[in-house]
Asker: 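Take this structure first; my questions come after.
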Protein chains: 2
Amino acid sequence: MDQALTIAELISSGKQYYLPSVSIDNVIFGFHENQLKVLLLQIRSSDNWGLPGGYVFKEEEIEDAAVRVLKSRTGLQDLFLQQFYVFGGTKRVTKEILKPVFKAIGTELTDESWLMNRFISIGYYALVEYEKVTPYPDELSTQCTWHDLNNLPGLILDHKEIIDKALETLRIQVNHQPIGYNLLPDEFPLKSLQLIYETILGRKLDRGNFNRKILGYGILEKKQKHYSGGAHKAPYLYSFLKEDYFNALKTGLKKDF
Amino acid sequence: MDQALTIAELISSGKQYYLPSVSIDNVIFGFHENQLKVLLLQIRSSDNWGLPGGYVFKEEEIEDAAVRVLKSRTGLQDLFLQQFYVFGGTKRVTKEILKPVFKAIGTELTDESWLMNRFISIGYYALVEYEKVTPYPDELSTQCTWHDLNNLPGLILDHKEIIDKALETLRIQVNHQPIGYNLLPDEFPLKSLQLIYETILGRKLDRGNFNRKILGYGILEKKQKHYSGGAHKAPYLYSFLKEDYFNALKTGLKKDF
DNA sequence: TTATTATTGTGTCATTATAACACAATAATA
DNA sequence: TATTATTGTGTTATAATGACACAATAATAA
């Protein structure tokens, strides 16, 4: 699942290039139309979707592998991937799922293929600015598109569980991660940031209290007004003061305990 | 590194039993004499110490493997292991470290041994009640003892990094983990719980404020007084109300954001 | 031109949480 | 009986939180 290898090569001789038993799955979150989205690939020959994942070269750092895999399967690059969990179930990969996929691209996968072995999968997540992304699918997939978190399609293997775990991790680490920094454009209204926090935390926040609190951290800079075209008062735009933001995150936006 | 296999078998035919490329390392925290401790094995033939780790059987769930490995290397069982990170560096295992270890137990390890391959290691941590533990070392180790976190001996591979990461994870998740539940005996004075929080958070807490706060969560039950023998007032002992405690942890002891 | 609508920026206020310190009570020892 | 160390609890100032209020203001409709 790397650009350097064709599918045929992957099947026939992937074993000699890749680290056995280890795979990567990336959960990419985006924010658009006031909703948190996740990037999925439609598996060729099926109605099922999957996360952009792949394998690790024998002499490659796993983080580098996560970055490379994501680029080759979706075209995305220059984003901050964060490892969050390992999915190690013995029943993760089944031939019922893999065989039709490879058949659809004109290749036969035998029971003896190294791809049919057990793989544990290292989960990475990233938050990306939706507008900056033009994902394109690889050979194995027919589509690469954003999906609403509340309305996911059928997912292969344990990918639903992986997405849920990524979101849970994000929730627990909400005060230690640069939530809005990567999900929003350079300039944005406070309401957008509030909606992201509400989605991640799974509850409504009071607008006034949210504004005062987030501004109180001293990590935002007020910019010009934004005339949205709606029949209402125009909000000010803000941008992150990157240095102050990352300094504040070191100890957490709110102290623990 | 399992009881069913001898060291000789591990070297000669481990490859056919174990999942390639994947290993486990356990960080076991204990609390004794008002200090947070970590359990280490002294590597035979050296002054270096290491975490109790091992390998995963081909058809074994990784969590089961973590439990089995810990039992076989230290004798510990019935504790709650929590996965926290994967260490995937390409340079983790070096022959300079492994060879002398196996030589010391009378076995030669060649460059071609499967043990010399690259392994990524899945980190698990557990909090255990110090008094309930009688660790004993396995064949590869001369000692299995507790070490003060502030005074660690020389550690092999990236085990220092693994311990640091475990502690950092614990710190971030402090409001979502049953911190004291596993580290303390059934009944304990509030001061002991306070010291654990102070160690994990790395700062002093005010006694009065801590008492009021922790009691305010309604997760502790007051028991009889404990006459310690010291020249001072005797503290009350407390025990956790297990059900209430775990319910409170679901949303976190303190709400995020 | 004026009224209507939706949303913004900011204000208020009661409640709760936090931090820092105070002090009497009390086991054991001198 | 005095001393010592530590406990349970109290006080007070400051800060954070949650719930709601209301005038200001873009765009649209009357």
Side-chain angles (χ1 to χ4, degrees), chain A residues 33-35 171 174-176 180 184 187-198 200-239 248-249 251-257, chain B residues 33-35 171 174-176 180 184 187-198 200-239 248-249 251-257:
Chain A
E33 287 170 347
N34 292 340
Q35 298 211 284
R171 190 168 293 153
V174 73
N175 289 314
H176 298 264
L184 292 168
E187 302 190 349
F188 52 87
L190 290 184
K191 194 64 190 287
S192 295
L193 190 56
Q194 183 187 339
L195 284 164
I196 292 175
Y197 274 97
E198 286 181 344
I200 291 171
L201 295 175
R203 63 191 165 93
K204 291 284 172 198
L205 302 172
D206 180 274
R207 183 176 51 87
N209 297 334
F210 177 85
N211 289 5
R212 224 161 327 173
K213 187 160 182 176
I214 203 81
L215 290 175
Y217 289 135
I219 57 173
L220 293 174
E221 186 182 16
K222 192 188 253 189
K223 301 283 188 170
Q224 78 288 3
K225 279 193 177 184
H226 172 66
Y227 299 87
S228 61
H232 51 76
K233 189 171 176 179
Y236 285 98
L237 295 181
Y238 289 84
S239 64
L249 286 171
T251 52
L253 284 188
K254 170 196 269 185
K255 269 182 278 188
D256 293 307
F257 197 75
Chain B
E33 288 170 346
N34 292 339
Q35 297 210 285
R171 191 167 292 152
V174 73
N175 289 313
H176 299 263
L184 293 168
E187 302 190 348
F188 52 88
L190 290 184
K191 194 64 191 286
S192 295
L193 190 56
Q194 183 188 339
L195 283 164
I196 292 175
Y197 273 96
E198 285 180 345
I200 291 172
L201 295 174
R203 61 190 166 95
K204 292 282 171 202
L205 302 172
D206 180 274
R207 183 176 52 86
N209 296 335
F210 177 85
N211 289 6
R212 224 157 326 154
K213 187 162 183 175
I214 204 78
L215 290 174
Y217 290 134
I219 57 174
L220 292 174
E221 186 181 15
K222 191 187 253 188
K223 301 282 187 170
Q224 79 288 4
K225 277 193 178 184
H226 171 67
Y227 298 86
S228 61
H232 51 76
K233 188 172 175 179
Y236 284 97
L237 295 181
Y238 289 84
S239 63
L249 286 172
T251 52
L253 284 188
K254 169 196 270 184
K255 270 182 277 188
D256 294 309
F257 196 75

Asker: Provide, to the nearest angstrom, the distance between the NZ atom belonging to A:K222 and the P atom belonging to C:dT8.
Answerer: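 So the NZ-P distance, A:K222 to C:dT8, works out to 14 Å.
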Asker: At under 4.0 Å, does any side-chain N or O of A:K213 touch on OP1 or OP2 of D:dA16?
Answerer: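 Answer is no, no contact under 4.0 Å.
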Asker: Want to settle it: does B:D206 or A:G208 sit nearer the 5' end of DNA chain D, counting the closest nucleotide to each?
Answerer: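 Going by which nucleotide is closer to the 5' end, it is B:D206.
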Asker: Rounded to whole angstroms, how far apart are CG on A:L205 and P on D:dG18?
Answerer: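 So the CG-P distance, A:L205 to D:dG18, works out to 9 Å.
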Asker: Base contacts versus sugar-phosphate-only contacts with protein, heavy atoms under 4.0 Å: please encode nucleotides 22-30 of chain D as B, S and - from 5' to 3'.
Answerer: --BBBBS--
Asker: Please determine whether side-chain contact (heavy atoms from CB on, under 4.5 Å) holds for the pair B:E187 and B:Q224, giving the CA-CA distance in whole Å, both sets of side-chain angles, and the decisive distance to 0.1 Å.
Answerer: CA-CA 9 Å; B:E187 302 190 348; B:Q224 79 288 4; 3.2 Å; yes
Asker: B:Y217 OH to C:dT16 P: how many Å, rounded?
Answerer: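 Distance check: B:Y217 OH to C:dT16 P gives 15 Å.
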Asker: Can you give me the closest heavy-atom contact between B:I214 and B:I219, atom names plus distance?
Answerer: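 Between these two residues, the closest heavy atoms are O-CG1, 4.2 Å.
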Asker: Closest nucleotide of DNA chain C for B:N209 versus for A:K191: which of these residues is on the 5' side?
Answerer: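 Nearest nucleotide further toward 5': that of A:K191.
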Asker: To the nearest angstrom, how far is B:L190 atom CG from D:dT6 atom P?
Answerer: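 Distance, rounded to whole Å: 16 Å.
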Asker: Looking at A:Y236, does the NZ or CZ of A:K225 lie under 6.0 angstrom from its six-membered ring centre and within 45 degrees of the ring axis?
Answerer: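 Yes, A:K225 and A:Y236 form such a contact.
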Asker: Distance check needed: D:dT7 C1' versus B:L215 CG, whole Å only.
Answerer: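 Going from B:L215 (CG) to D:dT7 (C1'), I get 13 Å.
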Asker: Could you check whether any side-chain heavy atom of A:Y238 comes within less than 4.5 Å of a side-chain heavy atom of A:L184, counting everything from C-beta outward?
Answerer: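 Side-chain contact under 4.5 Å: no.
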Asker: Please state how far atom CD1 in B:I214 lies from atom P in D:dT7, giving the value in whole angstrom units.
Answerer: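 Distance, rounded to whole Å: 16 Å.
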Asker: Starting from P on D:dG8, measure out to NE2 on B:H226 and report it in whole angstrom.
Answerer: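 Rounded to the whole Å, the gap is 12 Å.
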Asker: Could you give the CG-to-P distance, from A:N211 to D:dT17, as a whole number of Å?
Answerer: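 Checked: the CG to P distance equals 14 Å.
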Asker: Using modelled atom types only, decide if a donor and an acceptor are shared between the side chain of A:Q194 and the backbone of A:L205 within a distance under 3.5 Å.
Answerer: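 Judged by distance alone, yes, a pair lies under 3.5 Å.
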Asker: When only distance counts, do a donor and an acceptor, one from the side chain of B:R212 and one from the base of D:dG10, lie under 3.5 Å apart?
Answerer: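 Counting by modelled atom types and ignoring angles, a donor-acceptor contact under 3.5 Å is found here.
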Asker: Under 4.5 Å between any side-chain heavy atoms of B:K213 and B:N209, yes or no?
Answerer: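 Of all side-chain heavy-atom pairs linking B:N209 with B:K213, none is under 4.5 Å.
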Asker: Given side-chain contact (heavy atoms from CB on, under 4.5 Å), test B:L190 with B:L237 step by step and report yes or no.
Answerer: CA-CA 7 Å; B:L190 290 184; B:L237 295 181; over 6 Å; no
Asker: For a 4.5 angstrom cut-off between non-hydrogen side-chain atoms, does B:F210 reach B:L215?
Answerer: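 No, too far: nothing below the 4.5 Å cut-off.
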Asker: For Watson-Crick and G-U wobble pairs within 3.5 Å on both distances, what is DNA chain C written in dot-bracket notation, | included for inter-strand pairing?
Answerer: ||||||||||||||||||||||||||||||
Asker: Is the shortest side-chain heavy-atom distance between B:N175 and B:L249 below 4.5 Å?
Answerer: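 Result no, sub-4.5 Å side-chain heavy-atom pair not found.
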